[in-house]
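Whatever order the structure lists ligands and atoms in, that order sets their numbers, starting from 1. Please read these numbers as outputs of a predicted model, since none were measured by experiment. Just so it is clear, the values below take in all heavy atoms, side chains as well, and ignore hydrogens, waters and symmetry mates.
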Amino acid sequence: MRAARARAHANIAIAKYWGKADEAANLPAVPSVSVTLEELTTTTTVQFDDSIAMDQLLLDGEATEGKALRRVVALLDRVRERSALSLRARVESSNDFPTASGLASSASAFAALAMAATAAAGLETDPSYVSDLARRSSASAARSVLGGFVRLASAAPGAARLAAEQLAPADHWDLRVVIAVNAEGPKPVGSTDGMLHTQKTSPYYASWVALCPRIAHAVQQAIASRDIAALGQAAEQSAMAMHASAMAAEPSVLYFEPATIACLRTVHELRRGGVAAYATMDAGPHVKVFTLPDFVDEVASRIRATPGVLRTLVSKVGGPATVTLLAEAG
Ligand code: PMV
């Protein structure tokens with residue numbers, strides 16, 4: 001029996017990934033840059049076990065099948081192939097944030113799974129291998145393996161591998177992220193479906209792809225020089241351009257709810273009052289606001305008081321995925 005437990009944090013893209021260069025190989029068409037979220041963690045245990053005939057998945061204590069299990073099996077199969085291991089695995093995964101909030105993150109989930117499965121199979125947990133493995137399941141998960149401020153490059157179709165790279169560790173810059181939870185439950189259109197549909201039908205997709213390298217570059221410069229205004233402007237343009245490309249798809253993909261727009265208005269007002277606050281939205285109605293320690297309490301209370309916001313979370317910058325070996329081959 002071999003088992004390992006890994007922990008990984010969610011991340012929020014400052015420069016967004018939206019679009020695939022290669023659907024089968026899950027390679028991104030655009031570069032992305034993210035910050036790791038210390039407060040949002042997934043813990044996953046993988047146990048290869050000769051007493052079970054099929055892979056099993058427990059999500060927050062509930063036996064889970066269907067699409068979620070198939071995605072887990074696909075990752076485990078890659079690890080089994082590389083390690084020449086044939087045992088089936090029991091996978092137990094839990095989030096330290098409410099899964100039903102719609103914040104459930106495939107990034108932290110597949111980063112933790114990739115890390116735990118690699119270690120449990122007796123393979124070396126080289127971050128570049130684990131990031132590439134996680135990327136095949138969810139491109140944003142590649143970034144959660146590294147921690148701190150992270151970049152995932154775009155790739156040419158058919159590229160053999162692609163791993164994320166760390167731009168700066170968590171202690172490089174004490175950036176804070178205020179998260180507005182604006183809905184309960186899973187999002188109506190998942191990110192893979194949303195981006196493939198945008199890619200196929202949106203007249204704005206090509207301009208989005210053309211814009212991304214410039215935005216990713218601006219974000220990297222802003223991180224290097226710890227310039228919140230430059231980071232925030234690039235982050236907002238990235239998010240709005242991504243959502244605009246999705247909204248222009250046929251039929252439209254609209255992730256915003258009234259509370260999303262209300263949060264954007266609050267962020268604009270905060271800025272007019274001299275507060276460093278900049279917003280971003282992923283494939284859902286929640287808003288994440290980038291700010292600094294001096295402003296974080298004011299930003300959190302103003303966002304919490306914004307109509308439609310259910311609750312807020314506040315996060316610091318988090319570190320890389322970590323793993324502990326629980327049992328060696330016996
Ligand atoms: O990693 P995926 O396939 O769930 O896609 C993530 C897409 C966005 O969250 C919208 C943007 C990003 O870069 O994280």
task = Kindly confirm or rule out an N or O of Asn11 lying under 3.5 angstrom from an N or O of ligand 1.
result = no

Nearest protein heavy atom with distance in Å, relative to atom 4 (O) of ligand 1 = Ser191 OG, 2.8 Å

ask   = With under 30° as parallel and over 60° as perpendicular, where do the rings of Trp173 and Phe149 fit, or are they tilted in between?
value = parallel

request  = Any atoms of ligand 1 less than 4.0 Å from a non-hydrogen atom of Ala13? List them with their elements.
outcome  = 12 (C), 13 (O), 14 (O)

ask   = What protein heavy atom sits nearest atom 11 (C) of ligand 1, and how far away is it?
value = Tyr17 O, 3.3 Å

key: Protein contact to atom 14 (O) of ligand 1 [nearest heavy atom, distance to 0.1 Å]   = Arg143 NH2, 2.8 Å

message = What I want to check is whether the side chains of Lys16 and Thr280 have a donor and an acceptor closer together than 3.5 Å.
response = yes

task = Return a yes/no value for Ser106: is any of its N or O atoms, backbone included, closer than 3.5 angstrom to an N or O of ligand 1?
result = yes

ask   = Does any donor atom in the side chain of Thr312 or Arg304 lie under 3.5 Å from an acceptor atom in the other side chain?
value = yes

note = Ala283 heavy atoms within 4.0 Å reach ligand 1 at atoms 10 (C)

task = Report the nearest protein non-hydrogen atom to atom 1 (O) of ligand 1: residue, atom name, distance rounded to 0.1 Å.
result = Ser140 OG, 2.6 Å

query = Do Asn95 and Thr42 meet the criterion of a side-chain donor-acceptor pair at a distance under 3.5 Å?
reply = yes

message = Here's one to test your reading of the geometry: is the NZ or CZ of Arg143 within 45 degrees of the ring axis of Tyr17 and under 6.0 Å from its centre?
response = no

query = Quick one: do the Arg161 and Ser128 side chains pair a donor with an acceptor below 3.5 Å?
reply = yes

